[in-house]
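A short worksheet on the structure shown next.
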Amino acid sequence: MSWFPARAVVDLAAVRSNVESLAAHAPTAQVMAVVKADAYGHGLVPSARAALAGGATWLGTAQIAEAIALRAAGITAPRVLTWLHAPGAPFEDALAADVDVSVSAAWSLEAVVAAARATGRTARVHLKVDTGLGRNGLQPDELARLLPAVLRAQAEGAIEVVGLWSHLAFADEPAHPTVLAQADVFAAALATVEAAGVRLEVRHLANSAATLTAPQVHYDLVRPGIAVYGLSPVPQVGGPDEFGLVPAMTLEASLATVKRVPAGHGVSYAHQYVTTRDTVLGDVPLGYADGLPRHASGGPGHPGGPVRVGGRTLRVAGRVCMDQFMLDLGPDATERAGDRVELFGTGADGGPTAQDWADAAGTIAYEIVTRLGASVPREHVHAEALEPAGAGDVR
Ligand SMILES: *Cc1c(COP(=O)(O)O)cnc(C)c1O
């Protein structure tokens with residue numbers, strides 16, 4: 001029994017068309033749809049299938065377990081890369097599942113080689129170079145020092161280096177000088193690796209923001225994540241529609257209770273909100289345990305997260321609690337328990353978006369969708385989008 005009074009409706013046709021838009025922005029590159037973190041909260045396998053139908057030829061995950069889950073679900077054709085490993089990572093399982101792995105430290109080269117020897121498989125490896133983000137990846141001088149060991153492992157047949165890759169620090173600020181500075185460091189690393197005789201299949205650097213705004217760094221493969229789900233990686237530059245994207249997730253709930261209260265009534269913990277007139281309160285059965293940000297609470301001087309109710313947009317009244325929050329529906333409200341409210345969606349009808357919740361909570365839309373709890377059922381619609389557009393046509 002898994003009935004729940006709220007649901008996240010995920011439009012697979014939107015995911016498919018978003019990938020088509022991304023591919024059009026990067027016509028000279030292949031598209032790796034990044035499906036880490038349960039496809040940014042949208043459901044790993046259905047989202048991956050929709051992205052493939054939209055033209056993605058690669059899938060990317062941070063964790064090995066998600067890459068293996070894709071294969072276990074029967075997603076066998078596309079290449080899958082997984083990149084965030086710590087000692088003890090199950091590289092043997094990754095190789096057995098025909099998954100490409102990333103090497104971003106000497107220890108992981110050793111571990112991947114050991115897994116290749118143990119399984120008798122050749123590991124397809126993407127060398128990760130830190131071109132300036134200051135996060136995961138080999139420093140350029142470390143990469144140069146590791147190359148002899150890389151070449152030995154390749155000569156032995158334990159690994160095949162298929163990719164060199166990196167990640168940008170300021171892609172969400174398209175004019176930021178570090179974008180092209182990182183590209184320069186990347187070019188130097190490419191030259192080093194290729195001079196050593198490595199023949200790379202794919203060079204990749206671009207996330208969603210760079211896919212949409214920095215064609216100079218598309219190389220052979222782009223790695224969009226957030227844009228696959230229809231959210232803008234650069235909200236200060238433009239919303240989804242400006243990039244041909246449609247938000248794929250709509251979060252909706254059923255009102256649990258609706259009741260009339262007098263003026264001066266405190267609402268929710270610590271009475272951060274107090275009614276100013278006789279009014280009607282609605283109780284929305286979603287809270288921070290379900291992933292809503294408590295920072296989207298509403299009170300004086302701080303508008304809470306927006307909610308669409310019967311054609312009007314209201315704001316969270318008072319504190320967001322663990323499992324619920326309140327709305328002041330107004331004195332003339334006609335809503336009843338069970339009525340649907342929408343926390344965020346496409347925004348097409350002027351309704352609230354995940355970006356609006358991010359703004360209300362002082363965060364980014366990524367956090368709003370990825371932190372939506374496993375408690376909230378995902379309902380996938382437009383499953384016909386799992387077929388490639390025009391499937392059945394002669395092409
Ligand atoms: C998450 C991630 C991406 C996708 O980033 P978006 O900003 O969501 O497009 C690409 N590459 C790496 C290494 C990542 O960690």
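This chain uses plain numbering: 1 for the first residue, then up along the sequence. Whatever order the structure lists them in is the order used to number ligands and atoms, beginning at 1.
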Write none if no such pair exists; otherwise list each N/O atom of ligand 1 with its protein N/O partner under 3.5 Å and the distance.
{"from": "ligand 1", "atom 1": "7 (O)", "to": "Y366", "atom 2": "OH", "distance (Å)": "2.6"}
{"from": "ligand 1", "atom 1": "8 (O)", "to": "Y40", "atom 2": "OH", "distance (Å)": "2.5"}
{"from": "ligand 1", "atom 1": "8 (O)", "to": "I226", "atom 2": "N", "distance (Å)": "2.8"}
{"from": "ligand 1", "atom 1": "9 (O)", "to": "S208", "atom 2": "N", "distance (Å)": "2.7"}
{"from": "ligand 1", "atom 1": "9 (O)", "to": "S208", "atom 2": "OG", "distance (Å)": "2.5"}
{"from": "ligand 1", "atom 1": "9 (O)", "to": "G225", "atom 2": "N", "distance (Å)": "2.8"}
{"from": "ligand 1", "atom 1": "11 (N)", "to": "R223", "atom 2": "NE", "distance (Å)": "3.0"}
{"from": "ligand 1", "atom 1": "11 (N)", "to": "R223", "atom 2": "NH2", "distance (Å)": "3.3"}
{"from": "ligand 1", "atom 1": "15 (O)", "to": "K36", "atom 2": "NZ", "distance (Å)": "2.7"}

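Taking the six-membered ring for Trp and thresholds of 30 and 60 degrees, Y219 and F186 have ring planes more than 60 degrees apart, a perpendicular arrangement. Using bins of under 30°, 30° to 60° and over 60° for the plane-to-plane angle, the ring pair W165/H204 lands in the parallel bin.
Considering all non-hydrogen atoms of both residues, F243 and G238 come closest at CE1-O, 3.6 Å.
Ion pair E335/R312 flagged as a salt bridge, since at least one NZ, NE, NH1 or NH2 atom sits closer than 4.0 Å to an Asp/Glu carboxylate oxygen. Between R124 and E201 no salt bridge is recorded (no basic side-chain N to carboxylate O distance below 4.0 Å).
If you take OG on S47 and OH on Y229, they are separated by 5.5 Å, rounding to the nearest 0.5 Å.
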